[in-house]
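Here the structure comes first, spelled out in structure tokens, and everything after it is commentary.
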Protein chains: 4
Amino acid sequence: MAEHLSADKDTEQWALELLALGDEEKMTPKQVAILQAAVDVFAEKGYAGAATSEIAQKAGVAEGTIFRYYKTKKDLLLSIVGPTMSRLLAPFVMRNFGNLLDGSFDSYEDFLRSLIRNRLEFARKNFKILQILIQEIPFHPKLREQFMEDIMSKVFERVTAQVDHFKQKGEIIDVPAPTVIRFTASSIIGYIMTRLLLQPDKDWNDEEEIGLLIRFIMHGIAADPGNRGV
Amino acid sequence: MAEHLSADKDTEQWALELLALGDEEKMTPKQVAILQAAVDVFAEKGYAGAATSEIAQKAGVAEGTIFRYYKTKKDLLLSIVGPTMSRLLAPFVMRNFGNLLDGSFDSYEDFLRSLIRNRLEFARKNFKILQILIQEIPFHPKLREQFMEDIMSKVFERVTAQVDHFKQKGEIIDVPAPTVIRFTASSIIGYIMTRLLLQPDKDWNDEEEIGLLIRFIMHGIAADPGNRGV
Amino acid sequence: MAEHLSADKDTEQWALELLALGDEEKMTPKQVAILQAAVDVFAEKGYAGAATSEIAQKAGVAEGTIFRYYKTKKDLLLSIVGPTMSRLLAPFVMRNFGNLLDGSFDSYEDFLRSLIRNRLEFARKNFKILQILIQEIPFHPKLREQFMEDIMSKVFERVTAQVDHFKQKGEIIDVPAPTVIRFTASSIIGYIMTRLLLQPDKDWNDEEEIGLLIRFIMHGIAADPGNRGV
Amino acid sequence: MAEHLSADKDTEQWALELLALGDEEKMTPKQVAILQAAVDVFAEKGYAGAATSEIAQKAGVAEGTIFRYYKTKKDLLLSIVGPTMSRLLAPFVMRNFGNLLDGSFDSYEDFLRSLIRNRLEFARKNFKILQILIQEIPFHPKLREQFMEDIMSKVFERVTAQVDHFKQKGEIIDVPAPTVIRFTASSIIGYIMTRLLLQPDKDWNDEEEIGLLIRFIMHGIAADPGNRGV
DNA sequence: CATGAATGAGACTTCATTCAT
DNA sequence: TATGAATGAAGTCTCATTCAT
């Protein structure tokens, strides 16, 4: 599926984000099974609707075993979504992000292409966990705070720098960066959600779609480039 | 807040969507109280995390009273989100929607402006219920089916007609309608969610923002209208 | 058993201490059953060793019913021992306690006799609850604090006044009141515990025993009244 | 603290009571650690409220190790309180106890002084275990039987002999021995509990207090030695 | 001997639902 | 119609005990 995605180059550009995942190797097989089962059940039923007994059963483990590894059910949730939140943020805090001196990105379009490829791949790999994250953020203050303060603010700061840079270069219209970002993010998220959630079974040509997506973000859907008044 | 939104004209254009709401008048005060309390609690805690006892308490009725009106807790949920789903669809199925012969919309931009104003107003009025709807759709097959088959497909069909019309008029780029719709919807939903969910307290100038939003949808964020290759 | 105890006069002297018990009449039969069953099981197994399921079974009630009346198991414990603690204290805070102007007690011996009769009767009626109280005080800080600060300090204060009064009258040896009280209390508690706990089935003649007890407290066990040096 | 207690002479008189303790030397360090940790945790939380896992952690051993030495948790409890119960009894069954022919005790007062000093010292050294013993006796039939039948009856028998002896010598009032013993024991236990449990931090002068205690036991608290009628 | 991962019975507690009043 | 006491199934979590290493 979507082998068009040559994530290799991008992976270099964004660097490894597997830090948080490294711990998984220190886990016992049972713990891994619990984690995977929990992801499945949380995604299917939601946190509040998921029973630890079902998780245990799916993991092939006694219910008590879950609580040897995770003090509470909420602990289990946090140890699933917490690391993924960090890795969601990871590429935005890489040192070489936006290091324009080395010519990383020649244009906002290049930046977008790299960003979309990379985060689409990430979303594909962490689909269920992201689903859980989105579902549960409203109901867990700690999660919400971490997401808003640690993640969003950092991402926003970094992307703002990029936008401002290309605004100065004259590539982007002179509109407040937050508005540009909102528009860009909406479009990308809309694509990723359609791609993975609404129509996952459609035969997607990702490279082509990403091309269209970038074209849309940059130039909109109007046939006539003129008459751009508000 | 946002008095700029002269919803009057739009309301006429889209017509009343109070169909499902008419029932409310046949409700006893207790039933109304139950419904309102349920909306509050469901929105705050999620369906699975909400206790009927809390709903009863907030509604000022006995626990048993809830089950006089709604056979089960899930019934209560469906009585809340079901009608709102219909009303979400309502404007798209009005007879005069897309009746372009009477010159309803001179341009795609006009259509967008009317759509955005109208649905933003709707989202504002039904904020909590929409929140509940979005949260619970993944966990209730019936809800999901109704949403995907009854709502989305209908909306899609009607909007596709509009898009095709303006494509033929040469206003819109020659790209498959679903793609155009996805772009458009993403942008609009992104704006509405930012407006109501992420930054509800910001001092928004809706008319201005809607103008920007339409400008984005039509022409993107590039400063240079040329060089539109993919 | 022990009909010798003419508690009537004493009851007048100490006044009613049934205040806290009055609430019991407002209880549903199930709640009373739960309370009684809890007293039995707590007394037999200890708080930590008692299962709410057993209490429910003994009360002829569903386990969930317990938690309609008492939020937690600990709540159930406290609602049992709390009121009894207050009533344990009650006679010591009566206004007429130690009101020597009306000639309540002509001598320390009279005071002791009244006190012993009254508290023995109280202990008999609340035997199991006192047992629970004593068992659980070490393990529940709140209980301990309430007991030490609210109960003991008040009792101590009142009894000290009595002791000092009779010391001034020359009835009691000139030794610090706390020491006198410790000696008196030890003797009385020792009697009550032997009477109710160690040898409850013995055929006791309470009036006679109380006479001996007072004689012992006042004059000890020496045959020879002389040679009283320390 | 309380260096006044020259326990040396008494220790000789009552002889070593380390019988049961001798086993400790055959224990592995881990076993000793387990025992000490168990004493701490049982005393703090009670038997039913104590977790073997906490004991293991405090002892610095694995949970499983406890069960190598003690088949069950109850076994562990009995291994702690059993020997201490025997040692509580020990001085009363020494051959030279009450061997009045060798002039061990010239008077009941001497006997009391020796007894109090000795058992106070014992209680101090075995404070926590005695606490556990008292707490758990009501809930463990085996423990209760052993205590009542093996310990109390033996102690009672021996002390009765002493009391009868001094009664014959005319030192003690002519009252049934059990009653005399109850008075005496209550006073002593009351002192020891106040000393170690209720006010352990007070600056006690034990020799002085023991003098007062004996004086109380022998002559009571009345200022006037006359008028000793019942 | 010692470990500690794993168990599973059973603890406390919640809550949707019923029903006599 | 409305109540709310009562239920009992199911949920989360604890812990004494076992056993392969």
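So you know, we letter chains A, B, ... as the sequences are listed, proteins then strands, and number each from 1. Just so we're clear, the structure is a prediction, and the values are computed from it rather than from any experiment.
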Worksheet item: Any sub-3.5 Å donor-acceptor pair from B:Ser79's side-chain atoms to B:Asp75's backbone N or O?
Response: yes
Practice prompt. Tell me which nucleotide among E:dC12, F:dG4, F:dA16 gets nearest to the side chain of C:Glu63.
Written response: E:dC12
Worksheet entry | N or O in side chain of D:Thr65 less than 4.0 angstrom from E:dT3 OP1/OP2 | yes
Worksheet item: Do the numbers put A:Lys73 on top of the ring of A:Tyr47, so that NZ or CZ is under 6.0 Å from the six-membered ring centre and no more than 45° off the axis?
Response: yes
Discussion item. Please determine whether side chain to side chain contact (heavy atoms under 4.5 Å, CB included) holds for the pair C:Leu76 and C:Ile34, giving the CA-CA distance in whole Å, both sets of side-chain angles, and the decisive distance to 0.1 Å.
Written reply: CA-CA 9 Å; C:Leu76 178 55; C:Ile34 289 169; 4.2 Å; yes
Worksheet item: In whole angstrom, what separates C:Met27's CE from F:dA6's P?
Response: 13 Å
Item to complete: Mind listing the residues from residues 36-46 of chain D sitting with a heavy atom below 4.0 Å of DNA chain E? Number order is fine.
Response: none
Worksheet item: To the nearest angstrom, how far is D:Ile55 atom CD1 from F:dA16 atom P?
Response: 8 Å
Discussion item. Strictly below 4.0 Å: does D:Thr52 bring a side-chain N or O up to OP1 or OP2 of F:dC15?
Written reply: no
Worksheet item: Closer to the 5' end of DNA chain F via nearest nucleotide, is it B:Lys30 or D:Gly64?
Response: B:Lys30
Discussion item. What is the separation between atom CD1 on C:Ile66 and atom P on E:dC15, rounded to the nearest whole Å?
Written reply: 18 Å
Worksheet item: Taking CD from D:Gln31 and C1' from E:dA2, how many angstroms apart are they, rounded to a whole number?
Response: 13 Å
Worksheet entry | Length of the OH-P vector between C:Tyr47 and E:dA11, whole Å | 14 Å
Worksheet item: In terms of side-chain geometry, is the basic nitrogen of D:Glu54 or D:Lys45 positioned less than 4.0 Å from the acidic oxygen of its partner?
Response: yes
Response to the item:
Writing each nucleotide of DNA chain F 5' to 3' as (, ), [, ], | or . by Watson-Crick or G-U pairing under 3.5 Å yields .||||||||||||||||||||
Item to complete: Say whether A:Ser53 and A:Glu63, considering side chains only, have a donor N or O and an acceptor N or O under 3.5 Å apart.
Response: no
Discussion item. Measuring from atom CG of B:Leu77 to atom CD of B:Glu136, what distance do you get when rounded to the nearest 0.5 angstrom?
Written reply: 6.0 Å
Fill in: Closest nucleotide among F:dC15, F:dT17, E:dT7 to the D:Ala51 side chain
F:dC15
Response to the item:
Between the CD atom in C:Gln31 and the CD atom in C:Gln36, the distance rounded to the nearest 0.5 Å is 11.5 Å
Fill in: Least distance between heavy atoms, A:Gly49 atom then B:Ala48 atom
N-CB, 3.8 Å
Practice prompt. For C:Ala48, answer base if it contacts any base atom (sugar-phosphate contacts may also be present), sugar-phosphate if it contacts only those atoms, and nothing otherwise; contact means non-hydrogen atoms under 4.0 Å.
Written response: nothing
Fill in: Euclidean distance, atom CD1 of residue A:Ile34 to atom P of F:dT12 [Å, nearest integer]
14 Å
Worksheet item: Do A:Phe147 and A:Met85 come within less than 4.5 Å of each other through their side chains, counting heavy atoms only?
Response: yes
Worksheet entry | Whichever of A:Phe67 and C:Val61 has its nearest DNA chain F nucleotide further upstream toward 5' | C:Val61
Worksheet entry | Minimum side-chain heavy-atom gap B:Thr52-B:Phe67 below 4.5 Å | yes
Worksheet item: With a 4.0 Å cut-off, would you call D:Glu44 and D:Lys128 a salt bridge?
Response: no
Response to the item:
The correct set of residues in residues 68-75 of chain B placing a heavy atom under 4.0 Å from DNA chain E is B:Thr72, B:Lys73
Fill in: Side-chain heavy atoms of A:Thr28 within contact of A:Tyr69, under 4.5 Å
yes
Practice prompt. Can you tell me, in whole Å, how much space there is between the C1' of F:dT21 and that of E:dC1?
Written response: 13 Å
